Amino acid sequence: MIVHQTLKYLFANRLKDASVLISRRRYPASVYIAGYAIEIALKYKICRSLHFWQGFPETKQEFSSYLPLLKQNNAGSLIQLGDIRHHDLDKLLIYTGVEYRIRKNFESEWEIVSQWSPEDRYRKVRILQKTAGLYYKAAKKIIKEITNFET
């Protein structure tokens with residue numbers, strides 16, 4: 001299990017890392033790391049909304065310990081660990097319990113951040129300072145909204 005405090009530490013520090021990378025003009029790396037911050041924050045929120053009090057499950061065995069809780073809370077649409085153990089931000093948002101609010105109130109920010117993919121690490125891309133700054137600001141806003149975290 002990845003405990004809540006670890007998730008919180010990770011998304012907060014990845015967001016800080018993204019800021020440092022912008023200041024060092026490492027714009028592609030900044031966007032890449034900020035994307036991971038969002039992914040981790042979404043997984044943190046999933047734990048909160050689905051009452052995964054022990055933390056985020058990393059194995060099928062850990063996930064299966066939550067199955068009775070999922071059934072009790074009518075979260076039957078989540079039927080396997082693979083539903084939440086991936087990097088697709090749009091799919092993760094579904095399980096946070098705040099999808100409607102994010103898509104309605106933070107549409108432009110979500111449009112910016114949801115383009116992220118961990119596969120970007122294999123692409124040679126040119127990202128300008130302005131684009132990295134917009135991504136960072138959008139990521140910061142989304143993370144603050146979904147986690148109630150002061151960044």
Side-chain angles (χ1 to χ4, degrees), residues 1-59 62-63 66 70 73 75 77-151:
M1 293 278 179
I2 306 172
V3 296
H4 298 132
Q5 283 305 107
T6 299
L7 291 168
K8 201 171 186 178
Y9 170 85
L10 289 172
F11 73 70
N13 280 283
R14 292 305 79 84
L15 199 58
K16 288 177 188 175
D17 294 342
S19 177
V20 170
L21 287 164
I22 288 174
S23 72
R24 301 285 185 179
R25 297 186 302 199
R26 305 282 299 153
Y27 308 127
S30 172
V31 169
Y32 181 71
I33 294 298
Y36 267 115
I38 295 164
E39 177 189 335
I40 297 165
L42 289 167
K43 290 178 177 180
Y44 173 84
K45 184 61 176 179
I46 288 168
C47 288
R48 295 304 210 194
S49 68
L50 296 178
H51 308 290
F52 287 0
W53 299 122
Q54 295 175 340
F56 190 83
E58 292 186 275
T59 67
E62 290 173 351
F63 181 75
Y66 287 128
L70 290 171
N73 292 331
S77 63
L78 181 59
I79 56 170
Q80 57 186 351
L81 181 59
D83 290 346
I84 58 171
R85 194 165 184 256
H86 54 74
H87 308 288
D88 187 319
L89 302 184
D90 281 314
K91 289 180 182 175
L92 290 171
L93 183 62
I94 293 167
Y95 295 103
T96 62
V98 296
E99 178 185 21
Y100 176 78
R101 188 172 77 226
I102 294 296
R103 291 192 187 277
K104 183 177 186 280
N105 299 329
F106 298 92
E107 181 181 3
S108 62
E109 290 87 353
W110 186 255
E111 182 63 32
I112 292 168
V113 301
S114 67
Q115 303 303 311
W116 176 84
S117 167
E119 300 307 313
D120 291 345
R121 68 185 177 271
Y122 298 117
R123 295 184 183 106
K124 184 177 178 182
V125 293
R126 183 165 185 237
I127 296 177
L128 301 175
Q129 180 181 8
K130 181 179 178 181
T131 303
L134 288 171
Y135 194 94
Y136 175 79
K137 286 177 186 174
K140 189 173 176 180
K141 217 177 221 187
I142 294 289
I143 289 171
K144 182 178 180 182
E145 182 63 23
I146 63 177
T147 65
N148 298 318
F149 180 76
E150 290 297 321
T151 55

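Positions are given from 1, in the same order as the sequence printed here. Nothing here was measured: the structure is a model prediction, and the numbers come from that model. The figures that follow rest on heavy atoms only: side chains count, while hydrogens, waters and symmetry mates do not.
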- Task: Take Glu145 and Arg101 through the test salt bridge (charged side-chain N to carboxylate O under 4.0 Å, His left out) and record every step on the way to the result.
- Result: CA-CA 9 Å; Glu145 182 63 23; Arg101 188 172 77 226; 2.7 Å; yes

- Message: Between Tyr44 and Phe11 (judged by ring centroids, cut-off 6.0 Å), do the two rings come close enough to count as a pair?
- Response: yes

- Query: Could you give the distance from CG (Leu89) to CD1 (Ile94), rounded to the nearest 0.5 Å?
  - Reply: 11.5 Å

- Side-chain heavy-atom pair Ile102, Ile142 within 4.5 angstrom cut-off: yes

- Query: Does some side-chain heavy atom of Lys45 sit less than 4.5 Å from a side-chain heavy atom of Val98?
  - Reply: yes

- Geometric class of the Trp53/His51 ring pair [parallel <30°, tilted 30-60°, perpendicular >60°]: tilted

- Query: Do Thr96 and Ile146 come within less than 4.5 Å of each other through their side chains, counting heavy atoms only?
  - Reply: no

- Query: Between Glu39 and His86, which heavy-atom pair has the shortest distance, and what is it?
  - Reply: OE2-O, 3.4 Å

- Min side-chain heavy-atom separation Ile84-Lys43 under 4.5 Å: no

- Message: Is the distance between the ring centroids of Phe56 and Phe52 under 6.0 Å?
- Response: no

- Message: Using ring centroids (six-membered ring only for Trp), state whether Trp116 and Tyr135 fall under 6.0 Å.
- Response: no

- Taking all non-hydrogen atoms of both residues, which atom of Ser114 and which atom of Asp90 are closest, and how far apart? CB-OD1, 3.9 Å

- Query: Tell me, do Leu93 and Trp110 make a side-chain contact under 4.5 Å, heavy atoms counted?
  - Reply: yes

- Quick one: do Tyr36 and His87 satisfy side-chain contact (heavy atoms from CB on, under 4.5 Å)? Show the steps, please. CA-CA 8 Å; Tyr36 267 115; His87 308 288; 4.0 Å; yes

- State plainly whether the residues Arg103 and Glu99 are in salt-bridge range, i.e. N to O under 4.0 Å. yes

- If we only count heavy atoms from C-beta on, is the Lys141 to Lys144 side-chain gap below 4.5 Å? no

- Got a second to check how far Lys140's NZ is from Lys16's NZ, nearest 0.5 Å? 11.0 Å

